[in-house]
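Beneath this line is the structure, given in structure tokens, with notes to follow.
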Amino acid sequence: MLVRGTLVTLPTLGDIQILHDHLLAISSTGYITHHAPFSAPSSQVLLSSSSSRNELTTLPHGTFLLPTFVDLHLHAPQFLYQGTGLHLPLMQWLDAYAFNAEERLDNDPALARRVYTQLASRLIENGTGSVLLFGTIREETNLILAETMQHAGLRAYIGKLSMDIDIASRPTYTESSARAALSAAASFVHRCCALTSALPAHRRLVEPVLTPRFVPTCSDKLLVGLGALAAADTQGLRIQSHLAESSDSISW
């Protein structure tokens with residue numbers, strides 16, 4: 001695939017480059033293999049074959065192409081109630097809103113699929129192409145999240161929450177023990193990877209992420225176990241969490 005037009009790139013923080021009348025080449029596996037001025041000899045060589053000419057797409061005048069945005073922290077269940085509960089400090093807000101929404105999605109797969117499909121559409125509408133997600137504690141709900149992101153064509157890292165300590169008024173929304181939480185985390189990693197294992201490598205868009213919610217909800221045994229799980233993985237299993245988000249969580 002060849003694209004001719006204005007390209008916008010940000011090679012380093014604070015450095016925006018606007019490249020007028022450039023040629024971009026993208027391989028069948030989705031990798032950029034060439035970018036240079038359209039008039040450059042290397043671009044003309046690339047265009048010399050009739051097949052390349054047939055693949056050329058020219059951007060309309062006044063438009064430009066830029067990389068998609070990367071969202072490094074997004075709680076997928078919070079799309080269900082976005083913009084509400086801003087009057088509460090974090091720990092109270094978790095109890096009143098976050099845990100409630102997450103448990104609702106865990107108990108209603110159809111609702112989870114509907115919410116996550118709408119979330120994927122919103123991300124695409126706003127130019128986000130990659131996202132690091134926090135989900136819920138139930139494996140199946142996070143697999144729905146992974147399936148939805150894969151189907152939408154979004155590169156997504158899916159975090160099944162791990163939490164074995166109840167800090168809220170919802171004792172039903174916690175994992176029964178560190179052992180159960182570790183077993184569920186390991187199972188989710190395997191099942192999430194299996195979702196795309198039959199696809200070519202460049203089309204495997206979703207990956208699992210170990211996700212201890214934060215220190216107040218995780219026992220030392222759980223944290224140590226998740227660390228060991230990550231260390232034992234040979235594929236570079238990632239970890240995400242929260243740290244020092246607010247004064248009330250710090251003082252917990």
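Note that these values count all heavy atoms, side chains included, but never hydrogens, waters or copies made by symmetry. In this chain, numbering begins with 1 at the start of the sequence shown.
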(Q) Is there a continuous path of hydrophobic side-chain contacts, each under 4.5 Å between heavy atoms, that joins V189 to L133? (A) no
Q) In Å and rounded to the nearest 0.5 Å, what is the CZ to CE distance from F214 to M163? A) 8.0 Å
Q. Nearest heavy-atom pair of L226 and P212: which atoms, and what distance?
A. CD1-CB, 3.7 Å
Q: Would you check if the side chain of T148 reaches a backbone N or O of I144 as a donor-acceptor pair within less than 3.5 Å?
A: yes
Q: Only counting residues at least two apart or in another chain, list the ones meeting side-chain contact (heavy atoms from CB on, under 4.5 Å) with D95.
A: A168, S169, R170
Q | Residues that Y173 engages under side-chain hydrogen bond (donor to acceptor under 3.5 Å, both in side chains), provided they are two or more places apart | A | E102
Q: Please check if I32 and L59 belong to a single hydrophobic cluster, counting links between Ile, Leu, Val, Met, Phe, Trp and Tyr side chain heavy atoms closer than 4.5 Å.
A: yes
Q: Begin from the C-alpha positions of K160 and E175 and carry the test salt bridge (Lys or Arg N to Asp or Glu O under 4.0 Å) through to its verdict.
A: CA-CA 12 Å; K160 187 207 100 53; E175 292 171 289; 3.0 Å; yes
Q.
Quick check: do T9 and L19 have side-chain heavy atoms less than 4.5 Å from each other?
A. yes
Q: Could you tell me whether the side chain of T196 and the main chain of L199 form a donor-acceptor pair under 3.5 Å?
A: no
**Q.** Exceeds 12 heavy-atom contacts within 6.0 angstrom, atom CZ of F69
**A.** no
Q: Check whether any side-chain heavy atom of F79 lies under 4.5 Å from a side-chain heavy atom of L74, and answer yes or no.
A: no
**Q.** Donor-acceptor pair, side chain of S241 and main chain of R213, under 3.5 angstrom
**A.** yes
Q.
Among residues at least two apart in sequence or on other chains, which ones pass salt bridge (charged side-chain N to carboxylate O under 4.0 Å, His left out) with R4?
A. D21
Q | Partners meeting side-chain hydrogen bond (donor to acceptor under 3.5 Å, both in side chains) with S27 (sequence neighbours left out) | A | T29
(Q) Are L47 and V45 connected into the same hydrophobic cluster when the rule is that any two of I, L, V, M, F, W, Y join if their side-chain heavy atoms are below 4.5 Å apart? (A) no
Q) Does one hydrophobic cluster hold both Y81 and L111, with members joined at side-chain heavy-atom distances below 4.5 Å? A) yes
Q. What residues form a side-chain hydrogen bond (donor to acceptor under 3.5 Å, both in side chains) with S187, not counting sequence neighbours?
A. E139
Q | Heavy atoms of other groups near Q82 CD, more than 12 under 6.0 Å | A | yes
Q.
Give me the atom names and distance for the closest heavy-atom approach of I124 to A152.
A. CD1-O, 3.6 Å
(Q) I'd like to check the side-chain hydrogen bond (donor to acceptor under 3.5 Å, both in side chains) partners of R122; sequence neighbours left out, ordered by chain and number. (A) none
Q) Hey, does the side chain of S183 reach the backbone of A180 with a donor-acceptor pair shorter than 3.5 angstrom? A) no
Q: Using only heavy-atom distances, determine whether the side chains of D106 and T136 contain a donor-acceptor pair under 3.5 Å.
A: yes
Q | Note, Q17 side chain near P11 side chain (heavy atom, < 4.5 Å) | A | yes
Q.
On a heavy-atom basis, which atom in L222 and which in A181 lie closest, and how many Å separate them?
A. CD1-CB, 3.7 Å
Q.
If only side-chain N and O atoms count, and only distance matters, is there a donor-acceptor pair under 3.5 Å linking E103 with T172?
A. yes
Q. Mind checking whether L205 and I158 sit in one hydrophobic cluster, side chains of I, L, V, M, F, W, Y counted as touching below 4.5 Å?
A. no
Q) For atom NE2 of H202, is the number of surrounding heavy atoms from other residues, nucleotides or ligands below 6.0 Å larger than 12? A) yes
Q | Set of salt bridge (charged side-chain N to carboxylate O under 4.0 Å, His left out) partners for D233, sequence neighbours left out | A | none
**Q.** Side-chain heavy atoms of P37 within contact of S43, under 4.5 Å
**A.** no
(Q) Side chains of L229 and L182, heavy atoms from C-beta outward: is any pair under 4.5 Å? (A) no
Q. Residues two or more places apart in sequence or in another chain: which of them pass side-chain contact (heavy atoms from CB on, under 4.5 Å) with H190?
A. none
Q: Please tell me if the side chains of P216 and I165 come closer than 4.5 Å, counting only heavy atoms from C-beta onward.
A: no
Q.
I'd like to check the side-chain contact (heavy atoms from CB on, under 4.5 Å) partners of L132; sequence neighbours left out, ordered by chain and number.
A. Y157, V209, Q240
Q.
Once ring-ring contact (aromatic ring centres under 6.0 Å, His included) is applied, do any residues pair with H35, and if so which ones, sequence neighbours excluded?
A. none
Q | salt bridge (charged side-chain N to carboxylate O under 4.0 Å, His left out) partners for R204, two or more places apart | A | none
Q: Measure the OG1-CD1 distance between T6 and I18 for me, rounded to the nearest 0.5 Å.
A: 8.5 Å
Q | Among L23, L56, T33, side chain to side chain contact (heavy atoms under 4.5 Å, CB included) partner for L46 | A | L23
Q: Please check if atom CG in D220 has more than 12 non-hydrogen atoms from other residues, nucleotides or ligands closer than 6.0 Å.
A: no
Q | Side chain to side chain, T174 and I137, heavy atoms closer than 4.5 Å | A | no
Q. Quick one: OG1 on T217 to CZ on F99, what's the gap to the nearest 0.5 Å?
A. 6.5 Å
Q.
Are the side chains of L143 and F188 in contact, using a 4.5 Å heavy-atom criterion?
A. yes
Q: Might you point out which heavy atoms bring P77 and A101 nearest each other, and give the distance in Å?
A: O-CB, 4.2 Å
**Q.** Distance, nearest 0.5 Å, that separates SG of C218 from CG of D164
**A.** 6.0 Å
Q | Distance in Å, L105 CG paired with N100 CG, rounded so as to fall on 0.5 Å steps | A | 9.5 Å
Q) Has R191 got more than 12 heavy atoms of other residues, nucleotides or ligands less than 6.0 Å from its CZ? A) yes
Q: State whether the side chain of Q150 and the backbone N or O of L145 hold a donor-acceptor pair below 3.5 Å, judged by distance alone.
A: no
Q.
Using every non-hydrogen atom in the two residues, find where T141 and A112 come nearest and quote the distance to one decimal.
A. CG2-CB, 3.9 Å
Q. What residues form a ring-ring contact (aromatic ring centres under 6.0 Å, His included) with H242, not counting sequence neighbours?
A. H73, H75, F134
Q) Nearest 0.5 Å, what's the SG-CD distance between C192 and E147? A) 9.5 Å
**Q.** Backbone N/O of T117 and side chain of S121: donor-acceptor pair under 3.5 Å
**A.** yes
Q: Indicate the atoms forming the closest heavy-atom contact of P208 with L237, along with that distance.
A: O-CD1, 3.6 Å
